[in-house]
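Below you'll find the structure, written out as structure tokens, and then a few comments.
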Amino acid sequence: MRVIVPLQGVVQGKGGLFWGSVIPCALFYFFQFYFKNRRHHPPPPPPPPSSPPQHHSPDPEPPASASDKLHPHHVQVLPRSLSRILLSPRSPAGPAYVSGRATSVARISADSPYYAGLRKAAEDPYHEVRNPHGVIQLGLAHNTLSLDLVHDWIHQNGTNALLGRGVAPCQPLDGFMDLKLAVAGFMSQVMEKSILLSPSQMILTAGATSAIDILSFCLADHGNAFLVPTPHSPSFDGVIKWRSDIEIVAVPCRSTDNFNLSITALDRAFNQAKKRGQRVRGIILTNPSNPVGKLLDRETLLDIVDFAREKNIHIVSNETFAGSACGSEEFVSMVEIMEAEELDRDRVHIVYSLSNELSVPEFKVGVLYSYNENVLVAARRVARFSPVSAPTQQLLISILSDTIFVQKFIEINRLRLRRMYNTFVAELKQLGIECTSSSGGFYCWADMSKLLRSYSEKGELELWDRLLNVAKINVTPGSSCHCIEPGWFRFCFTTLSEKDVSVVMERIRRISAAAESHSSYGN
Amino acid sequence: MTRTRNPDSESESESKPSSSSSSSTGMKLIVPLQGVVQGRGGILLGSLIPCALFYFLQLYLKKRRRSNHNNHSSNPPSPSSSFPELPRTPSRSNLSSRGSITRARLSRLASTISDDDSAYYVGLNRASRDPYHKFSNPDGIIQLGLSDNTLSLDLIGDWMQKWGSGGGDDDLSINGIATYQAFDGVDELKLAMADFMRQVMGRSVHFDTSNMVLTAGATPAIEILSFCLADPGNAFLVPTPYYPGFDRDVRWRPGVDLIPVHCRSADNFNLSMTALEQAYAQARKRGVKVRGILVSNPSNPVGNMLTQDMLYNLIDFAEDKNIHLIVDEVFAGSRYGSEKFVSVAEILDSDSEYIDNRRIHIIYGLSKDLALAGFRVGVIYSFDRNVLAAARKLCRFSSISAPTQRLVTSMLSDKRFIQDYFETNRNRMRQVHDEFVDALSKLGIKCAKSSGGMFCWADMSGLIKPYSEKGELELWEKFMSIAKINITPGSACHCIEPGWFRICFTTMSLEEIPLVIERIRRVVEVCKSSS
């Protein structure tokens, strides 16, 4: 008996085993608790001591030691002089705490070539007459080819369209029902199929990036991960990591596969992430893909749905370029797959971008479309932080209800996109630069590895730097898109006019000529 | 470790010394698991071993629970991989019979958000489902729970009509829209906004556009600031009663806690520094890191203002504790009373040498003062470079769309219109407020003294049966079902005294006041007759 009963003496042998275990455990537990609390306490003191110089150091202590009586007197005399001292000699040490996440957001991407290039091009923009030596912007995700159509429409219809039926005070935060209905009609027009999106599954947000942000917030906890096929949009890093703090697990696609996504690559990335202890919560697909412009065919989509079910993860299908799919291939939306078959839709969420489709990027209107009731409930609530303003919604309702205009717009826009794409690719080819074949999106994905001085990321960034500072064109280097092969560049051709194309080509020619002479010297 | 534990275990044994000594010798008394460890180091190992066991047990259980989750989620699909022809059928059966088991999981935060409902939001929803209309739905619920101002909406409508028929076209031209724009608002709008804020908050103040970040409404502005100033689990001090939306803006995504600093009716709900000190000390004692104070001025439900002295005290307090001060001034222009409004910006401007302005942040928006709720234009005004840099980046998720920016720019630039608007609006607000408060007092309902904002903060504690939150919610329910009026109960504003209600008076016209009062009278009579 004595052998197994702890604390037996104390509890008189009755229930000894029980009390003997519970008492030390409880003690241990309180012990832990006590330590935890203790550990919380020490950090607060550092801020005050760090702020004032030495002769004040006894003062910051009292608040912690609860000598409240003494306190107010000091408050009245000291605090302002304190801050003055703070301000002048060593300002970085003085300010109140800024959260760790904010600091990291503020720091991130300051030097990423993607944002650096955008900034530089914005500071010194090319203009045919006014600033012919400025930087040509090929790094955006905008389409201005058909902006004139929208502009004309607004001009004709006057601003009444914007004002709609006057100012209504109380509005739903996730978008007007009228606009949702109009969007449903518009999307089926865009996709040229009789798919009808249900307004009840729709949430309108301030831009597609907010829709992705909200989704990543709803689907994953801090530190979880999403599978994202690379190369991916350079802005994804910010969208997914900044606020939601979710990691991206790259699923590399290679030039040998023509940058198509394969399930084996998905599977490998998933298993590797799992081995590293990461929790994968979903896949983010971009269809048509963002830098490359590839479409996912029906079979691949079905495979991905199966894969997601097998791993029990979500699918976010980012279809922000749906309307620009203009190649020979057929664009298949995730909605179509969901409507056609009784798959478990719970895990499928789709993002559209109205501003992209209408080539009015600064309108910033995105659509979140989900089949998951819980996600919709949460997203609708979070939508209060990314609302679309009423005048914009009114304007869009008016534009989208004009179905004749919309039809014309879609056709002309598609034609212009295709024409500009063909011109741009053909011109690049003449310079010896090959592009992967694209079926959608606003980009050429060009292989400039021949122009690299060293076949590495460093060489790529060096070429990017030359393009920006010598040739004065801003393009997005593949490394910003997390492409694993160096030497690829993303050219956004949809902000150019025909005339601009020849200027761009001339500028690239200079670089390629210099590169050739450089390499011949090397030989 | 051992040193601290010894006294503990001794105290255990001291509690029952007499009874145990009779049965066994001194040594055996206090040594647990003695038999196992053969008497040597008994007390140490005897405590350590069960503790370790317990710890492992916990760990084991935790793991089990986690893998259980995984099993649940990965088991059902696994058969599908072994039968290549079958993959889609299992899911279909799942959908119909028990879809919840294989359902892909939502994030923890999203799940908590989904079932977070206070009376404030319940009321808003119910009222929007059955809204009152003079002709089409005279028995509908009158919405007095919002913070909208429709008193001068006609002025805004007129301006837009004029703008639309006049030279507005040029302003809306979307040329140049396609260039790379910062997410935090175009410079023209920032300039117009700085001008406007000066007009609203005090003409002597200079607002610098480089300290300004424009967001899609004040709501995201608060969220972004909370995100920037505190880490999850940190806290802000908030004087109660406060705006019910703060809970969502600060708590949900930023994960920052709100610590109430209770203000009482005895002080007309004015903030007291002692209460603030107390709340701060208590939070510290609990190990919570307080990162800032969040105050609204004019205050949201009550409508009183922070005096200049109080603002100085708050600034001193913030400096003393090395925390931030966030002042929500969205009602700065909606004033009708006699109290003087002092913007914290004014203090910073006049005393800039003495105050470390980097810890002070101002939130403003056009939804209230210009009644442009649907436009969603908000401002973060801060002096801290890091906060501004982070906020500018986070703005990409809540940026204002271009047509609205243009429209608002030209509206704000129309100085004469703004001037007219403010004058008319102030007069109408004063009129409705005075009339309504007067009518309420005739029913025996007193309101707290207020000078700004859109609310009456009414004391109905005489009408509630058990003097508690329960009684308050019962009365609120009566307002909903009998009077068909949606007002906000004080508990939704975290008021510590039961029986207070927030009534928004700016959505009714002068003519509608008798109707509302009539409906309130019904409730008053029901309450009186039952008691």
Side-chain angles (χ1 to χ4, degrees), chain A residues 2-3 6-7 9-10 20-21 24-25 27-28 37 40 47 75 79-80 83 95-96 98-100 102 105-106 118 122 142 144 151 159-160 163 166 169 171 206 209-210 213 218 220-221 306 309-310 312 314 342 344 346-347 362-364 374 377-378 381 384-387 389-392 395, chain B residues 8 13 20 24 28-29 32-33 35 46-47 50-51 54 73 77 87 91-92 95 103-104 106-108 110 113-114 148 150 157 160 164 168 174 177-178 180 216 219-220 223 228 230-231 287 316 319-320 322 324 354 356 358-359 374-376 386 389-390 393 397-399 401-404 407:
Chain A
R2 259 184 214 160
V3 172
L7 273 179
V10 178
S21 318
C25 289
L27 282 178
F28 179 66
N37 266 355
H40 267 299
V75 170
R80 268 175 238 158
S83 69
V98 173
S99 75
V105 166
L118 288 183
H142 290 171
T144 55
H151 191 201
T159 39
N160 289 330
L163 307 176
Q171 291 133 352
T209 40
S210 330
D213 175 49
C218 289
D221 290 319
D306 283 342
R309 187 176 43 237
E310 191 185 313
N312 194 29
H314 293 272
E342 278 284 316
D344 55 343
D346 258 3
R347 59 182 84 251
E362 290 302 321
F363 275 40
K364 302 235 167 69
N374 297 330
V377 170
R381 296 192 164 184
R384 74 192 256 121
F385 303 112
S386 332
S389 69
T392 305
L395 182 58
Chain B
D8 277 350
S13 54
S20 50
S24 37
K28 269 178 202 159
L29 270 188
L33 270 181
S47 323
C51 289
F54 177 65
S73 45
S91 70
R92 198 186 303 166
L95 257 182
R103 205 165 256 183
L106 258 62
S107 72
R108 224 176 317 118
I113 280 177
S114 310
D148 273 342
T150 52
M160 290 211 209
I174 47 177
I177 277 177
Y180 173 68
T219 304
E223 192 196 31
C228 291
D231 282 314
D316 286 347
E319 287 199 355
D320 184 46
N322 195 29
H324 294 272
Y354 302 112
D356 178 9
R358 283 170 299 177
R359 65 179 78 246
F375 279 43
R376 313 235 164 255
N386 293 324
K393 295 208 167 113
F397 304 120
S398 26
S399 48
S401 78
T404 308
L407 181 58

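The shown structure was predicted, so the numbers you read here are calculated from the model rather than taken from an experiment. Throughout, protein chains are lettered first and strands after them, A, B, ... in sequence-line order, and every chain is numbered starting at 1.
- The salt bridge (Lys or Arg N to Asp or Glu O under 4.0 Å) search around B:D231 returns none, not counting sequence neighbours.
- Residue B:S401 comes nearest to A:F363 through the heavy atom pair CB-O, 2.6 Å, listed as atom of the first residue, atom of the second, then distance.
- Under the side-chain hydrogen bond (donor to acceptor under 3.5 Å, both in side chains) criterion, B:S398 pairs with no residue at all, not counting sequence neighbours.
- Of the possible polar contacts, one joining the A:S386 side chain to the B:F397 backbone as a donor-acceptor pair under 3.5 Å is found.
- Closest approach of A:R384 to B:T219, counting heavy atoms only: NE-CG2, 3.6 Å.
- Only the backbone of B:A230 comes within less than 4.5 Å of a heavy atom in chain A; its side chain stays farther off.
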